[in-house]
Novice: 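Quick one: the structure is below, and I'll ask about it shortly.
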Amino acid sequence: MEETSLGKILIVDDNEDLLFAAKMLLKKYAKEVTIEKDPRRIPFLVNNNNYDVILLDMNFTEDTTSGKEGFHWLKQIKEIDPKAVVILITAFGDVEMAVQALKEGATDFILKPWQNEKLLATLSAASRLKESYDQVDTISKKSKQLQADMKKPFSEIIGQSATMKNIFSIIDKVAQTDANILILGENGTGKELIARAIHDRSLRMDEIFVGVDMGAITETLFESELFGHKRGAFTDAKEDRAGRFEVADKGTLFLDEIGNLSMPLQSKLLTVLQKREVTRIGTNKSIPVDIRLICATNMKVHEMVMDNTFRQDLLYRINTVEIFLPPLRERQDDIPLLANHFLKVYAKKYRKNFEGFKPTALQLLQHYSWPGNIRELQHAIERAIIMAEGDELDSRDFFFLSSKPATEKVNHNATLNLDEVEKNVIQKAIDKNGGNISKAAKELGLTRASLYRRLEKYGL
């Protein structure tokens with residue numbers, strides 16, 4: 001057997017001689033051996049450590065023959081960690097009870113006095129079983145995330161403008177490093193697509209990509225969502241749950257709208273990024289995580305640092321490389337490409353045949369300001385396809401755009417201040433939808449929580 005092949009082992013027995021003999025034997029083969037003579041410390045030990053195998057005596061000094069204490073503590077361990085691998089230590093005459101314990105959740109049992117070779121073989125099999133449990137658990141968590149990711153449309157980045165070619169060049173340079181990336185740009189410019197493109201070209205491409213909308217997470221759920229929790233840690237904690245950091249282990253973690261975090265939450269995030277480990281709510285266990293971090297925001301984080309609303313040390317941590325995504329109004333050459341892409345997608349979705357766009361339609365699309373950027377263009381094409389009657393889309397199919405005053409060109413009489421632009425767009429969406437927050441949020445491509453924060457920010 002290889003050294004340190006057994007992982008972390010806990011041995012609980014009231015016989016000190018047995019404990020020390022077992023520790024002397026196993027310390028060569030185990031990563032760590034913890035011995036404990038008082039079974040009352042079991043809940044504390046199991047709650048605060050990740051053991052690969054637990055060796056548990058069936059009888060302690062209070063009850064040396066019935067095995068009831070062993071059953072009691074086995075049940076306690078399984079309640080704390082249902083996937084715990086427990087091997088019972090029992091005398092020859094207690095074999096029948098040990099078999100019953102297997103039905104109660106024990107993995108195996110050994111007779112004392114044991115043969116060293118038999119003990120090592122049993123522990124080796126148990127350690128492999130624990131490893132398989134962990135692998136299945138990890139695969140299950142990642143599978144759920146991957147299934148959710150597969151439902152997200154449009155994984156491609158479309159664009160041939162000089163600006164986009166420069167961005168593609170940056171992606172090629174940074175993708176195969178583990179440098180932290182900060183993506184800046186207005187809502188709807190495709191920041192998540194850029195993050196996914198970096199992941200897909202990275203050395204972690206075969207691992208999971210986990211996206212988190214920080215703007216949609218409340219202060220009270222922040223730690224649970226990102227760092228995880230143990231069952232019973234708070235009222236709604238019905239089961240153990242891995243946080244997004246754990247799920248993203250070995251892969252890429254994308255934190256969107258990071259500029260919306262309050263200063264206390266920024267501090268908690270910074271601590272985790274510095275230590276590269278998380279602690280689930282309800283435990284003191286530190287779980288190491290290995291992630292590639294990509295963040296994004298539509299907010300002016302550098303100005304926020306000057307205003308003391310964003311931590312400078314956190315900004316240094318997340319922006320080894322910055323990528324700025326321009327708004328769609330500054331990428332007019334890419335609009336026909338994007339429009340034709342969405343045309344194909346939605347024509348197929350709604351089982352309609354379209355030959356393309358008439359020149360008047362493309363001209364309108366290229367001269368509209370697109371305050372909602374690519375997301376607004378996507379919705380506009382979908383709406384036009386649903387309502388159109390011909391086999392080509394023309395300007396009349398986009399009446400809902402052309403009827404807006406001065407086609408809402410931001411670069412004419414309107415302000416160029418991004419906050420003012422966003423405030424005006426939000427106000428128009430609220431007015432258009434008669435004050436219905438859900439409908440306005442959907443049209444803007446935001447969550448309700450994100451829209452409420454912006455309403456509060458702009459005093460709307």
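Residue numbers start at 1 and run along the sequence shown.
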Novice: Just so I know, are the side chains of L123 and Y29 near enough to count as touching, which here means a heavy-atom distance under 4.5 Å?
Specialist: no

Novice: Indicate yes or no: at least one non-hydrogen side-chain atom of W73 is less than 4.5 angstrom from one of V46.
Specialist: no

Novice: Going through the checks in order, is the side chain to side chain contact (heavy atoms under 4.5 Å, CB included) test met by R231 and I80?
Specialist: CA-CA 8 Å; R231 182 178 62 178; I80 296 169; over 6 Å; no

Novice: Is the side chain of S124 donor-acceptor paired with the backbone N or O of A121 at a distance under 3.5 Å, no angle test?
Specialist: no

Novice: Say whether, by atom type as modelled, one donor and one acceptor occur between the side chain of T271 and the main chain of S267 under 3.5 angstrom.
Specialist: yes

Novice: Between T252 (side chain) and F209 (backbone), is there a donor-acceptor pair under 3.5 Å?
Specialist: no

Novice: The test is side chain to side chain contact (heavy atoms under 4.5 Å, CB included); show your working for T189 and I194 and say whether it passes.
Specialist: CA-CA 10 Å; T189 49; I194 297 295; over 6 Å; no

Novice: Closest heavy-atom contact between I294 and A195?
Specialist: CD1-O, 3.6 Å

Novice: How close do F324 and G185 get, heavy atom to heavy atom, and via which atoms?
Specialist: CE1-CA, 4.3 Å

Novice: I need the I35 CD1 to I9 CD1 distance, nearest 0.5 Å.
Specialist: 12.5 Å

Novice: Taking only residues at least two apart or on different chains, which pairs with a member in residues 209-228 satisfy side-chain hydrogen bond (donor to acceptor under 3.5 Å, both in side chains)?
Specialist: T218-T220, E219-S262, E223-K268, S224-H229, E225-R241, E225-R244

Novice: For N50 and D81: C-alpha separation, side-chain torsions, deciding distance, then whether side chain to side chain contact (heavy atoms under 4.5 Å, CB included) applies.
Specialist: CA-CA 9 Å; N50 290 310; D81 182 3; 5.9 Å; no

Novice: Can you name the residues that form a salt bridge (charged side-chain N to carboxylate O under 4.0 Å, His left out) with D256, not counting sequence neighbours?
Specialist: none

Novice: Ignoring hydrogens and angles, write down the donor-acceptor pairs under 3.5 Å from the side chains of residues 158-172, residues two or more places apart or on other chains.
Specialist:
{"from": "S161", "atom 1": "OG", "to": "M164", "atom 2": "N", "distance (Å)": "3.4"}
{"from": "S161", "atom 1": "OG", "to": "D334", "atom 2": "OD2", "distance (Å)": "2.7"}

Novice: Hey, does L338 have a side-chain heavy atom less than 4.5 Å from the side chain of R331?
Specialist: yes

Novice: Charged N to carboxylate O below 4.0 Å: is that the case for R204 and D290?
Specialist: yes

Novice: If you measure from the Lys or Arg side-chain nitrogens to the Asp or Glu carboxylate oxygens, is any gap between E207 and R292 under 4.0 Å?
Specialist: no

Novice: Measuring from D313:CG to L270:CG, what's the distance to the nearest 0.5 Å?
Specialist: 4.5 Å

Novice: Quick one: list whatever passes ring pair (Phe, Tyr, Trp, His ring centres under 6.0 Å) with F227, sequence neighbours left out.
Specialist: F222, F245

Novice: I'd like to know whether OH of Y316 has more than 12 heavy-atom contacts from other residues, nucleotides or ligands below 6.0 angstrom.
Specialist: no

Novice: Atom CG of L56 and atom CD1 of I11: how far apart are they, to the nearest 0.5 Å?
Specialist: 11.5 Å

Novice: Considering non-hydrogen atoms only, spot the tightest contact between A248 and I208 and give its length.
Specialist: CA-CG2, 3.8 Å

Novice: Identify the two heavy atoms, one from N319 and one from E322, that lie closest to each other, and give their separation to 0.1 Å.
Specialist: ND2-OE2, 2.9 Å

Novice: Does L315 reach the side chain of L182, with side-chain heavy atoms less than 4.5 Å apart?
Specialist: yes

Novice: Where the side chain of Q266 meets the backbone of R311, is there a donor-acceptor pair that is under 3.5 Å apart?
Specialist: yes

Novice: Under 4.5 Å between any side-chain heavy atoms of D240 and K230, yes or no?
Specialist: yes

Novice: Enter the distance from Q176:CD to I198:CD1 here, rounded to the nearest 0.5 Å.
Specialist: 12.5 Å

Novice: Provide the closest heavy-atom pair for A339 versus L377 in the form atom of the first, atom of the second, distance.
Specialist: N-CD2, 4.2 Å

Novice: Kindly indicate whether the side chain of I318, heavy atoms from C-beta on, has any atom under 4.5 Å from the side chain of L293.
Specialist: yes

Novice: Any chance you could lay out the side chain to side chain contact (heavy atoms under 4.5 Å, CB included) test for L273 and L314, step after step, and finish with the verdict?
Specialist: CA-CA 9 Å; L273 295 178; L314 177 58; 4.0 Å; yes

Novice: May I ask you to check whether over 12 heavy atoms, not counting those of K442, lie within 6.0 Å of atom NZ?
Specialist: no

Novice: Angle between ring planes, Y350 versus Y346, binned at 30° and 60°: parallel, tilted or perpendicular?
Specialist: parallel

Novice: If you count the non-hydrogen atoms of other residues, nucleotides and ligands that lie under 6.0 Å from NZ in K285, is the total more than 12?
Specialist: yes

Novice: Closer than 3.5 angstrom, by distance alone: can the side chain of D249 be matched with the main-chain N or O of V289 as a donor-acceptor pair?
Specialist: no

Novice: Provide the closest heavy-atom pair for G282 versus A233 in the form atom of the first, atom of the second, distance.
Specialist: CA-CB, 3.9 Å

Novice: To the nearest 0.5 Å, what is the distance between CZ (F342) and CD1 (I374)?
Specialist: 6.5 Å

Novice: Name all residues meeting the side chain to side chain contact (heavy atoms under 4.5 Å, CB included) criterion together with N187; count only those two or more places apart in sequence or in a different chain, and write none if there are none.
Specialist: K191, N298, R375, E422, L446, R454

Novice: Should K37 and D14 count as an ion pair when the cut-off is N to O under 4.0 Å?
Specialist: no

Novice: Are V301 and L184 packed together at the side-chain level, in the sense that at least one heavy-atom pair is separated by less than 4.5 angstrom?
Specialist: yes

Novice: Are side-chain heavy atoms of L269 and L255 found at a separation under 4.5 Å?
Specialist: yes

Novice: Please enumerate all residues that pass ring pair (Phe, Tyr, Trp, His ring centres under 6.0 Å) together with Y51, with sequence neighbours excluded.
Specialist: none

Novice: Tell me whether K8 contacts the main-chain N or O of K31 through its side chain, where contact means a donor paired with an acceptor under 3.5 Å.
Specialist: no

Novice: Would you say N48's side chain and N284's backbone share a donor-acceptor pair under 3.5 angstrom?
Specialist: yes

Novice: Going from CD on E79 to CG on L74, what distance comes out if it is rounded to the nearest 0.5 angstrom?
Specialist: 10.0 Å

Novice: Could you check whether E192 pairs with R196 (Lys NZ or Arg NE/NH1/NH2 to Asp/Glu carboxylate O, under 4.0 Å)?
Specialist: yes

